[in-house]
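Taking it in order: structure first as structure tokens, then the write-up.
A quick note: this is a predicted structure, and the numbers were derived from the prediction, not measured.
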Amino acid sequence: MAAGNSVNDEILEQRRKVLEEEGLKGKIKYFVYYYKWHAAIALFLLIFIVNFIVNIATKKDTALQVIFINGFPNVENEEFMDGFEQTININPKKEEALLDSSFYINPESPGIYDEQNMEKIFVMASAGVLDVCISDETYFETLAEGGYLLDLSTVFSEEEMEEYKDRIFYYDSPNNLAQGKEPVGLEITNAPKLVETQSFPNSKAYFCIIMNSEHVDNALAFLDYLESP
């Protein structure tokens, strides 16, 4: 072992002398040659850790998650929801309302893209991360049939049920033990804020709240926002 250590010490001493003779440029070359992969891995880990910390520190809670289904993606999602955020009591530095207007589904002849979108919606609804859907007629009944929609009579007042009676969509929901029709959607085709987006110019649009929503109050506030001039 002593002989081995002596050889190693001699090699290190020779390297030290070479580095001293070659100066700074030689030291850089030596470092790059022997330690470039160590440095690359360390740099990658540092970037990953910093990015992870920044994401955790800046991540906002979701005050409301909305999706448009089969609408024209004309709306500027963030700008549209910024307008809504100003009408509710949230801290914009800590919470945000989100809109995804890109969903398109053809329930009569679904392809791979349609099936992926359907699966994504059902997963979001089941996980409780989706609050509001606004859909055209072609897909709205599919949502109702799946049993994902909240009975609006449980969140609307009697006065609102009377006011909306000609626009409410009733469906034989699988969640209704009495086997009667439940009010699960509201036709909002002419809601001023929705009309401004030109998202549903050629079809009726229906508003519904997902049964597992954790932000029902904000969902109702969003309906008021859509109905406001």
side-chain contact (heavy atoms from CB on, under 4.5 Å) assessment of Val184 paired with Phe169: CA-CA 6 Å; Val184 294; Phe169 181 94; 4.0 Å; yes
Between SG on residue Cys133 and CG on residue Leu143, distance to nearest 0.5 Å: 5.0 Å
Beyond-backbone contact of Val66 with Met81, side-chain heavy atoms, under 4.5 angstrom: yes
Heavy-atom side-chain proximity of Phe72 to Asn202 below 4.5 angstrom: yes
Whether over 12 other heavy atoms sit under 6.0 Å from Glu115 CD: yes
Atom pair CZ (Phe103) and CG (Asp114), whose distance is rounded to the nearest 0.5 Å: 12.0 Å
Over 12 non-hydrogen atoms of neighbours within 6.0 angstrom of OH in Tyr113: yes
Distance under 6.0 Å and angle within 45° of ring axis: Lys181 vs Tyr171: no
Name of the residue among Thr154, Leu220, Asp131, Asp151 meeting side chain to side chain contact (heavy atoms under 4.5 Å, CB included) with Ile209: Leu220
Worked check of side chain to side chain donor-acceptor pair (under 3.5 Å) between Asn70 and Thr138: CA-CA 8 Å; Asn70 292 348; Thr138 61; 3.1 Å; yes
Criterion ring pair (Phe, Tyr, Trp, His ring centres under 6.0 Å) on Tyr148 and Phe122, from CA distance to verdict: CA-CA 8 Å; Tyr148 290 98; Phe122 292 149; 5.0 Å; yes
Gln116 side chain reached by Ile121 side chain, heavy atoms, under 4.5 Å: no
For Phe200, the option from Ile188, Ile134, Thr189 that meets side chain to side chain contact (heavy atoms under 4.5 Å, CB included): Ile134
Separation of Gln65 CD from Leu130 CG (nearest 0.5 Å): 6.5 Å
Ring pair (Phe, Tyr, Trp, His ring centres under 6.0 Å) between Phe80 and Tyr225, worked out: CA-CA 11 Å; Phe80 184 73; Tyr225 174 70; 5.7 Å; yes
Derivation and outcome, salt bridge (Lys or Arg N to Asp or Glu O under 4.0 Å), residues Glu227 and Arg167: CA-CA 13 Å; Glu227 297 269 308; Arg167 296 162 52 194; 2.7 Å; yes
CG on Leu99 to CG on Asn77, rounded to 0.5 Å: 4.0 Å
Atom pair CD (Glu85) and CG (Leu64), whose distance is rounded to the nearest 0.5 Å: 9.5 Å
N/O donor-acceptor pair under 3.5 Å between Thr197 side chain and Ser199 backbone: yes
